Amino acid sequence: MENIRVRFAPSPTGYLHVGGLRTALYNYLFARRNNGKFILRIEDTDRNRFVEGAVENLIEALKWCGLEFDEGPEVGGSFGPYMQSQRLDIYQKYVQELISNGNAYYCFCSQQRLEVLKEEQQKQKLPQAKYDKHCLTLSKKEVEEKLANKDPFVIRLNIEPNHRIIFDDIVRGKVEFDSNNVDDQVLIKSDGYPTYHLANVVDDHLMQISHVIRGEEWLSSTPKHVLLYDSFKWERPIFAHLPLLLNPDRSKLSKRQGDVAVEDYRTKGFLKEALVNFVALLGWNAGDDQEFYYMNELIEKFTLERVNKAGAVFDLEKLNWLNAEHLRKKSNEELFILLKQEILNSQFSINNYNDSYLLRVIAAMKERVSFVHEYLTKSPYFFEAPKEYEETAVQKNWNHETPAQLQKLSDEFNILVNPEKEDYEHALHKVAEELNVGKGKLIHPLRLAVSATSTGPGVFDIVVILGKEETISRIKNALEKIKIS
RNA sequence: GGCGCGUUCGUCUAGUGGUCCAGGACGCCGCCCUCUCAAGGCGGAGAUCACGGGUUCGACCCCCGUACGCGCUACCA
């Protein structure tokens, strides 16, 4: 394919929705896969919905996910400006062309008349409420008078009745509409701003967009867009309407049923690699069994032809799994950077752990965490000595003989010099033999003493990481604090 | 209501007329490994392929209808 140019065109509502991320990602993958350009265009033609800082947020979220755009706000490009609010004169120019060839017309109808019209149509049980083309009957003179008189107006698309509007969609195949079901859509609002329908078509053409890849919610208005391309005698882009992302109850993914913003997932500790991987698989697969992907692999394999038609439920369980998978694939050094940051934002920020210590903690817990923050919540004992001990673990692993046995173990540890993991193991083995008890009688209480819990890495791994002094100190502490009846 | 789109295990999905009494993944359950918890390995439960008609020697795959779901139906995108 030649000259592939695609765009992600969000309205700046304040944050990047995960559905938006999926749309942006598919655009990005398609562009990179085909050596095309990925463009960001901001659809800010609704002045009532202006949100301060929304564009910056959007760009920040896209960048975090690794979706770098080739043209757009901040980076520029030769088809700018990339903010629709800065292109108003362009839309005016083109809509005049439409008016002069009869494909659009001025409409001076008041809000009230439109409401009355709608009510009447509903009363008559008409299949659909539509504008009645009332202002199309105005003479040229009447229009000029009203314009001169500064009467408020909108400009509407003049849809010719009784014909079929047909277009192809990569995802859905041939889609067909009856023009009688398409309303004379407003193209220019009374404030002079264009509606999405006009702006989107004009910009896609001017920016030489080859493929329009967007959410399914746009499918129903595509006939209007197609008609606009035809009216301008412009070549239509290739359309691909993506299935929606759904809540667990299969309604459109919404805030009410969980997190929808990329930044929500970011603050919850999800890795960008996992989020991107997960979202890519919601509505697309390569046709093989691979589920774990890095961005470069997605780029290599992505095709629009393999995008599904049906909506997909956003399943947190699988995201969690992918997060764990991506976390485990990271090197200890990468995790080290993430963990340092995590510590800085935690109750342990006042402590200073040395690098090699943290690296050893990372290695020991790697298979046991799904999130970086779980290093702190699942193994707090690496970050501070236990204060209280897990009750059920005490009941299960501590009895009246335990204190004496642990004391003996502690004494044995105490005579070790620069012990390695094996040295602790030998010491414990020796004590167990001398006491004539199974090793478990020592191992479990030891674990409890040093970690306050009954789960975690191998106890000798914990001990060797904590070091001899700390281990002995913790055993002493446990002996003082753990009381059983 | 109208128009459009969709419908394979709970969820994400494979499947493009015979190889499917439907394969993989997440989750769930069991076993193995084992000082615990994970990870890993092995195995299991789980889908009359929404339903009903066609077409065909043969249909998850093609056609029609029904049901259900979702989207759109704004001077919002």
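The model shown is predicted, which means the values in this text are computed figures rather than measured ones. Chain letters run A, B, ... following the sequence lines, proteins first and then strands; every chain starts at 1.
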Using a 4.0 Å heavy-atom cut-off, does A:G215 contact any base of the nucleic acid, only the sugar-phosphate backbone, or nothing at all?
nothing

Can you give me the N/O atom pairs linking the protein to nucleotides 59-61 of chain B at distances under 3.5 Å, or say none if there are none?
none

Non-neighbouring partners of A:R156 that pass salt bridge (charged side-chain N to carboxylate O under 4.0 Å, His left out), sequence neighbours left out
none

Using the ring-ring contact (aromatic ring centres under 6.0 Å, His included) criterion, which residues pair with A:F413? Sequence neighbours excluded.
A:Y424

Short heteroatom pairs, N/O only, protein and nucleotides 4-7 of chain B, under 3.5 Å:
from : atom 1 : to     : atom 2 : distance (Å)
B:C5 : O2'    : A:R172 : NH1    : 2.6
B:C5 : O2'    : A:E216 : OE2    : 3.0

With a cut-off of under 6.0 Å to the ring centre and 45° to the axis, is A:K421 in cation-pi contact with A:F460?
no

Pick base, sugar-phosphate or nothing for A:T453, based on heavy-atom distances below 4.0 Å to the nucleic acid.
nothing

Evaluate the criterion ring pair (Phe, Tyr, Trp, His ring centres under 6.0 Å) for residue pair A:Y293 and A:F302; output intermediate values, then yes/no.
CA-CA 11 Å; A:Y293 284 96; A:F302 184 80; over 10 Å; no

B/S/- along nucleotides 44-50 of chain B (protein heavy atoms under 4.0 Å) is -------

Among residues at least two apart in sequence or on other chains, which ones pass ring-ring contact (aromatic ring centres under 6.0 Å, His included) with A:Y82?
none

Side chain of A:L244 - closest among B:C75, B:G71, B:A77
B:G71

For A:T455, which contact category applies under a 4.0 Å heavy-atom criterion: base, sugar-phosphate, or nothing?
base

B:A74 C1' sits how many Å from A:R49 CZ, rounded?
11 Å

Looking only at heavy atoms, the pair that brings A:G311 and A:L246 closest together is C-CD2, 3.7 Å

Under the salt bridge (Lys or Arg N to Asp or Glu O under 4.0 Å) rule, what do A:K329 and A:E273 come out as? Steps first, then yes or no, please.
CA-CA 11 Å; A:K329 286 275 175 22; A:E273 293 90 341; over 6 Å; no

Base, sugar-phosphate, or nothing for A:V186, non-hydrogen atoms under 4.0 angstrom?
sugar-phosphate

The complete set of side-chain hydrogen bond (donor to acceptor under 3.5 Å, both in side chains) pairs with one or both residues in residues 158-177 of chain A, sequence neighbours excluded, reads A:K133-A:N158, A:N162-A:N180, A:R164-A:E176, A:D169-A:H241

Quick check on RNA chain B: between A:P10 and A:G283, whose nearest nucleotide comes earlier from the 5' end?
A:G283

Report which part of the nucleic acid A:E317 touches: base, sugar-phosphate, or nothing (heavy-atom distance under 4.0 Å, all strands).
sugar-phosphate

Whole-Å distance between B:U13 C1' and A:D315 CG?
12 Å

Side-chain polar contacts of residues 435-447 of chain A - donor-acceptor pairs under 3.5 angstrom, sequence neighbours left out - could you list them?
from   : atom 1 : to     : atom 2 : distance (Å)
A:R447 : NH1    : A:P457 : O      : 3.0
A:R447 : NH2    : A:P457 : O      : 2.9

Please confirm whether the shortest side-chain N or O distance from A:T45 to OP1 or OP2 of B:A77 is below 4.0 Å.
yes

In whole Å, what is the span from the CG atom of A:L322 to the C1' atom of B:U13?
13 Å

Among B:U13, B:A25, B:C76, which nucleotide has an atom closest to any side-chain atom of A:N285?
B:U13

Who are the side chain to side chain donor-acceptor pair (under 3.5 Å) partners of A:T303, not counting sequence neighbours?
none

Under 4.0 Å between a side-chain N/O of A:R47 and OP1 or OP2 of B:A77, yes or no?
no

Please check the phosphate of B:C3 (OP1 and OP2 only) for any side-chain N or O of A:K130 closer than 4.0 Å.
no

Counterpart residues, salt bridge (charged side-chain N to carboxylate O under 4.0 Å, His left out), relative to A:K255 (two or more places apart)
none

P gap between B:U7 and B:C64, integer Å:
15 Å

Does atom CD of A:E52 have more than 12 heavy-atom neighbours, drawn from other residues, nucleotides or ligands, at distances under 6.0 Å?
no

Length of the CD1-P vector between A:I188 and B:C76, whole Å
11 Å

Grab the CG-P distance between A:D289 and B:C26 for me, whole Å please.
11 Å

Euclidean distance for P, B:G4 against B:U13 (whole angstrom)
25 Å

Would you mind classifying the nucleic acid contact of A:N320 as base, sugar-phosphate or nothing, using non-hydrogen atoms under 4.0 angstrom?
nothing

Given B:A14, B:C72, B:C12, which nucleotide is nearest the side-chain atoms of A:E217?
B:C72

Could you tell me if the side chain of A:V212 sits less than 4.5 Å from the side chain of A:W218, heavy atoms only?
no

If you restrict it to nitrogen or oxygen atoms, what contacts under 3.5 Å exist between nucleotides 39-41 of chain B and the protein, and what is each distance?
from  : atom 1 : to     : atom 2 : distance (Å)
B:A39 : O2'    : A:E367 : OE1    : 2.5

State, to 0.1 Å, how close A:R22 and A:L245 come at their nearest heavy-atom pair, and which atoms those are.
NH1-CD1, 3.5 Å

A:K118 side chain near B:A74 phosphate (N/O to OP1/OP2, under 4.0 Å)
yes

With a 3.5 Å cut-off and heavy atoms only, can you find an N or O donor on one side and an acceptor on the other between the side chain of A:K318 and the base of B:A25?
yes

Are there any protein N/O atoms within less than 3.5 Å of an N/O atom in nucleotides 28-35 of chain B, and if so, which ones and at what distance?
from  : atom 1 : to     : atom 2 : distance (Å)
B:C35 : O2'    : A:H444 : ND1    : 3.4
B:C35 : O2'    : A:H444 : NE2    : 2.8
B:C35 : O2     : A:R447 : NH2    : 3.3
B:C35 : N3     : A:V459 : N      : 3.2

Taking everything shown except A:E388 itself, do over 12 heavy atoms lie less than 6.0 Å from its CD?
no

Sticking with atom C1', work out how far B:G69 lies from B:A77, rounded to a whole angstrom.
24 Å

It should be established whether A:N308 places a side-chain nitrogen or oxygen under 4.0 Å from OP1 or OP2 of nucleotide B:U13.
yes

Between A:S370 and A:N320, do the side chains contain a donor N or O and an acceptor N or O under 3.5 Å apart?
no

So what does A:R214 touch, heavy atoms closer than 4.0 Å: a base, only the sugar-phosphate, or nothing?
nothing

